[in-house]
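First the structure, in the form of structure tokens, and then the observations on it.
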Amino acid sequence: SNNRGYIFLPNTLIPFMEVCVKHPKIKYAVSPYIKGRWHAKCVTKSISTYETKKPFPKSWRGLKGKDLEKVSGIKGAFFCHKVGFVAGALSKESMIKMVEKSLKE
């Protein structure tokens with residue numbers, strides 16, 4: 001059982017959405033990305049929509065690097081998509097912090 005609100009995947013290529021949409025608690029799929037970075041994708045409300053259960057915070061969207069670190073308060077926060085459905089971090093620890101903070105918002 002997963003009470004965390006996110007799952008870990010070994011890579012970004014695994015088709016996770018179909019399984020995750022059925023689990024109301026799971027909002028994000030976290031996986032290693034390139035160059036030691038990490039990635040988190042939002043789970044959609046259903047297979048047939050792009051609408052996500054819990055997009056990343058509006059204040060983070062479209063930001064990168066130091067700008068995102070400053071606004072999020074998370075060292076190593078690296079990227080947040082302008083629509084908020086995917087985010088990236090420089091380490092697993094930073095990625096988990098981003099996801100956990102986003103879940104609380």
Side-chain angles (χ1 to χ4, degrees):
S1 77
N2 183 325
N3 292 314
R4 281 193 308 246
Y6 56 95
I7 58 161
F8 288 105
L9 301 173
N11 62 60
T12 53
L13 303 172
I14 291 172
F16 63 92
M17 207 64 85
E18 229 167 292
V19 174
C20 292
V21 293
K22 294 174 189 145
H23 293 273
K25 279 186 177 160
I26 300 175
K27 312 289 196 291
Y28 306 99
V30 176
S31 55
Y33 196 50
I34 48 171
K35 297 177 183 165
R37 293 181 190 151
W38 281 70
H39 214 221
K41 267 192 180 152
C42 299
V43 176
T44 55
K45 289 184 174 180
S46 77
I47 280 298
S48 56
T49 183
Y50 287 110
E51 196 186 347
T52 58
K53 295 180 190 177
K54 186 92 173 120
F56 286 98
K58 280 201 171 89
S59 61
W60 299 5
R61 295 180 202 171
L63 298 181
K64 287 183 175 135
K66 295 270 175 260
D67 293 334
L68 181 55
E69 283 187 335
K70 195 192 278 180
V71 170
S72 67
I74 298 164
K75 192 165 168 43
F78 180 72
F79 160 80
C80 186
H81 189 275
K82 65 180 193 289
V83 186
F85 80 95
V86 64
L90 299 177
S91 69
K92 183 179 184 178
E93 293 70 35
S94 316
M95 192 73 260
I96 291 167
K97 281 181 186 163
M98 288 178 79
V99 163
E100 289 184 342
K101 192 162 194 175
S102 187
L103 282 165
K104 286 182 194 130
E105 296 234 336

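We number each residue from 1, following the sequence as shown. Just so it is clear, the model here is predicted, and its values are computed rather than measured.
- Judged by a 6.0 Å distance limit and a 45° cone about the ring axis, Arg4 is positioned over the six-membered ring of Tyr6.
- For Pro57 against Ser102, the heavy-atom pair with the smallest separation is CD-OG, 3.3 Å.
- For the atom pair SG of Cys80 and NZ of Lys64, the computed distance is 11.0 Å after rounding to the nearest 0.5 Å.
- Residue Lys41 holds its NZ atom at 7.5 Å from OG of Ser31, rounded to the nearest 0.5 Å.
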Evaluate ring-ring contact (aromatic ring centres under 6.0 Å, His included) for Tyr50 paired with Phe85, printing each intermediate quantity in order. CA-CA 9 Å; Tyr50 287 110; Phe85 80 95; 8.3 Å; no
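- Both Val21 and Leu9 are members of a single hydrophobic cluster when ILVMFWY side chains are connected at heavy-atom separations under 4.5 Å.
- Atom CZ of Phe16 is surrounded by more than 12 heavy atoms from other residues, nucleotides or ligands within 6.0 Å.
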With side-chain contact (heavy atoms from CB on, under 4.5 Å) as the test, would you mind laying out the steps for Trp60 and Ile74 before giving the verdict? CA-CA 11 Å; Trp60 299 5; Ile74 298 164; 4.1 Å; yes
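- Tracing side-chain contacts under 4.5 Å through hydrophobic residues (I, L, V, M, F, W, Y), one never reaches Ile96 starting from Val86; they form parts of separate clusters.
- The line from OG of Ser46 to CD of Glu51 is 8.5 Å long, rounded to the nearest 0.5 Å.
- When atom types are taken as modelled, the side chain of Tyr28 and the backbone of Lys54 share a donor-acceptor pair closer than 3.5 angstrom.
- Distance alone, capped at 3.5 Å, is enough to place a donor-acceptor pair between the Ser94 side chain and the Lys75 backbone.
- One N or O on the side chain of Lys53 and one on the backbone of Ile26 form a donor-acceptor pair closer than 3.5 Å.
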Is there a side-chain contact (heavy atoms from CB on, under 4.5 Å) between Met95 and Met98 once you walk through the steps? CA-CA 5 Å; Met95 192 73 260; Met98 288 178 79; 3.8 Å; yes
Between Val43 and His23, does the side-chain contact (heavy atoms from CB on, under 4.5 Å) criterion hold? Intermediate values first, please. CA-CA 10 Å; Val43 176; His23 293 273; over 6 Å; no
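- Only one option out of Arg61, Glu105, His81 pairs with Pro55 in a side-chain contact (heavy atoms from CB on, under 4.5 Å); it is Arg61.
- The hydrophobic clustering, which links ILVMFWY residues whose side-chain heavy atoms are closer than 4.5 Å, places Val30 and Leu103 together.
- If you take OG1 on Thr52 and CE on Met17, they are separated by 9.0 Å, rounding to the nearest 0.5 Å.
- For Asp67 against Leu63, the heavy-atom pair with the smallest separation is O-CD1, 4.0 Å.
- Under the 4.5 Å side-chain heavy-atom criterion for Ile, Leu, Val, Met, Phe, Trp and Tyr, Phe56 and Trp38 are members of the same hydrophobic cluster.
- Minimum heavy-atom separation, Ala77 to Ser72: CB-OG, 3.7 Å.
- Rounding to the nearest 0.5 angstrom, the gap separating the OH atom in Tyr33 from the CZ atom in Phe79 is 8.0 Å.
- At distances below 3.5 Å, at least one donor-acceptor pair connects side-chain atoms of Asn11 with backbone N or O atoms of Ile14.
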